Amino acid sequence: MIVIVSTINVLISSLIYFNYDKKVFYEDTKQKLEILARVVGENNSATILFNKPKEAKENLQTLKADEHIEIAQIIVKKKLFVSYKKNENIDEVFIPITPYSDTVIFLKEKALVNAPLHMDNDTIAEIRIQYSTKAIQEKLQGYYKIIALIFFVTLFVASVLAYFFQKNITRPIFELYKLMNIITEKKDYSLRSGNMAKDEIGQLSNGFNQMLDQIEEKNNELSYQKELAEASLKAKERFLANMTHELRTPLNSIIGLTGLLHDTPLNHEQINYLENIKLSSDHLLAIINDLLEFSRIGSGKLQFEENEFSIRLSVERIKNTMQYELRKRNLDFSCHVDKEVPHIVVGDDYRLNQILLNLVGNAIKFTPKGKIEIFVKKIFESEQKIGIEFRVKDTGIGIRKEKQKIIFDSFTQENDTTTREYGGTGLGLAITKQLIELQGGEIRVESEKGKGSTFIFSIPYLKKEFSLKTKENNAPKLGHLEKILLIDDNEMNLLFTKSILEKSNFVVETALNAELALEKLYSKEFNLILMDLYMPETDGFELSQKIRAIDDEKFKTIPIIALTAAATVNEINKCFAAGMNDYIIKPFKKDELISKILNLTKK
Ligand code: ADP
């Protein structure tokens, strides 16, 4: 660009200068020739008047002094009076010149002058001069050369300047641009521009570096905060795992032993107390479960299963589960499943059960009289999926409009008196909403204070044809005589689990710690091990690893089921990593435990 601009500049100024100079030359020459002609005339006016051509010729010889004058003639009455020729070789350039007119004509390398000589208002003669302009032409040619020279010198200087500018401006900018690209690509904010110059580019680089400093500082701060947050999340999870374990283990015993106690001969008063214990401990367990579930959703560690199941059966089962509460409150209950709802869909039946139990549980809790209904219908169907809508309708106390939006937030209840009157943690609906949304569905509520509420939710299920796996049919077959080693440091738990298993015809040996367990394993034959995870000294994970490491084929294959109260994904992964085959979450249902045992011991 610099070169182009300077070239144009030089060209234009040279042209202007050249033309101006040329014009000045011609003007000067013309003026000089006119004066010359007039001087020649004046000098010869006497010789013309007195007709003395000889003297006139002598006069003209003085013109020799100017070597450019080639020919000079004085014409009197249209006849050549006298003439001068520089030398004989010179050609006379004949051109028709209007007689008596005052003219200078420029030809190639020559100028012709025609000047009339006046005396007392009469034209007495005419002077003609042929003048060589070769010298002028040569001078002009010299100009061309000078212009060409100036042109090339300018071009050279411009190129040198351009190189210098590029070194000082373009290159640093380009380098800054390259650095920017590298940073964008590699996300390495520790890179800096090395340009320390004091000029504007240096300032730009400096500003760029300062910006990078700030980004890096922010990044460091953020990653520190992130680490902090991750650490606190881990600590929270560990705390939760420990807490739920600590809480669920004794609760497990309380609930189990209450059940066992119920089967012994008791009087009415005792049965009443026992039922109250059961109610309270069930409630406590529900709260602990809610908290565990809620934090598990929060940490994004929830996984959904894809089982084939019947929606009809799931809804029916709710009725059975809730029968006791319904009867106690004298509430009607009915289910209406639309014909279009398919018999089998694919999805997480356990979670559906949980959602329905939550909503129906709330409906029962907040309905003093009337009825509760469940409506199920199909709302859409695509190639792979089928959308099912569930409505849980009650005739209870209802929810005020402004509260309807926030009851799905965690720890919110309709008003503070709710807790006192109806109990609860305010987590149920938050969990329900998350469970539904994580399955791609949605939930809303329609309600009028005093008239009742309807909770409406929908979940898209896979059609049966798109089932990835079919649920194994592992209905428990009782009567097997399997020998089980039960390892747990809590005697209450041992007692409780042992009595459940023995009622189902299993032979059970117990061990309170790892040492005793290993002793029994060496001395007796077992078909399966039930292993508590948290024990003092050697814990369940370590003991499992020890058993698997024994150099005997039977210890490498004996099934081990973990008994855990803290069912976080980490925990479960750890179980499998330690060589265990399955896990069961305490407090467990009897059927579930037996089904898992049979599943692992069937030959
Ligand atoms: P909680 O453990 O308190 O039941 P939820 O999240 O299940 O927590 O419910 C939050 C609040 O929403 C309840 O405290 C109650 O005020 C209101 N609510 C939920 N279901 C109903 C219902 N069927 N009828 C009236 N109010 C309800």
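First listed ligand is number 1; within each ligand, the first listed atom is number 1. This structure is a prediction, so every number in the text was calculated from the model and none was measured. Worth knowing before you read on, the calculation uses all heavy atoms, side chains too, and leaves out hydrogens, waters and symmetry mates.
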Exercise. Given I407, T395, I364, V445, which one has a non-hydrogen atom that is nearest to atom 12 (O) of ligand 1?
Worked result: I407
For this session: Examine N358 against ligand 1 and note whether any of their N/O atoms are separated by less than 3.5 Å.
Result: no
Exercise. Nearest non-hydrogen atom to atom 24 (N) of ligand 1 belongs to which of S453, G396, A363?
Worked result: S453
Exercise. Between R329 and E325, does at least one N-O distance fall below 4.0 Å, as a salt bridge requires?
Worked result: no
Seminar exercise, completed: Quick note on ligand 1: atoms under 4.0 Å from a heavy atom of K365 include exactly 1 (P), 4 (O)
Exercise. Does ligand 1 have an atom under 4.0 Å from some heavy atom of K403?
Worked result: no
Exercise. Is the closest heavy-atom distance from F455 to ligand 1 below 4.0 Å?
Worked result: yes
Exercise. Between the candidates N362, V360, I287, L359, which shows the shortest non-hydrogen contact distance to atom 7 (O) of ligand 1?
Worked result: N362
For this session: Would you mind telling me if ligand 1 is within reach of the side chain of L429, the backbone, both or neither, using heavy atoms under 4.0 Å?
Result: both
Exercise. Hey, which atoms in ligand 1 end up nearer than 4.0 Å to a heavy atom of G428?
Worked result: 5 (P), 6 (O), 7 (O), 8 (O)
Exercise. When E402 is tested against each of K405, Q404, R400 for side-chain hydrogen bond (donor to acceptor under 3.5 Å, both in side chains), which residue passes?
Worked result: R400
Problem set entry | Lys/Arg-Asp/Glu bridge criterion (N-O < 4.0 Å) met for E230, K226 | yes
Problem set entry | Numbered atoms and elements of ligand 1 in range of L427, under 4.0 angstrom, heavy atoms | 6 (O), 8 (O)
Seminar exercise, completed: Paired with E381, the side-chain hydrogen bond (donor to acceptor under 3.5 Å, both in side chains) test is passed by just one of K378, K385, Q384, namely K378
Problem set entry | L516 side chain near N513 side chain, heavy-atom distance below 4.5 Å | yes
Problem set entry | Side chain D394, main chain S453, donor-acceptor under 3.5 Å | yes
Problem set entry | Over-ring placement of K596 relative to Y583, 6.0 Å and 45° cut-offs | yes
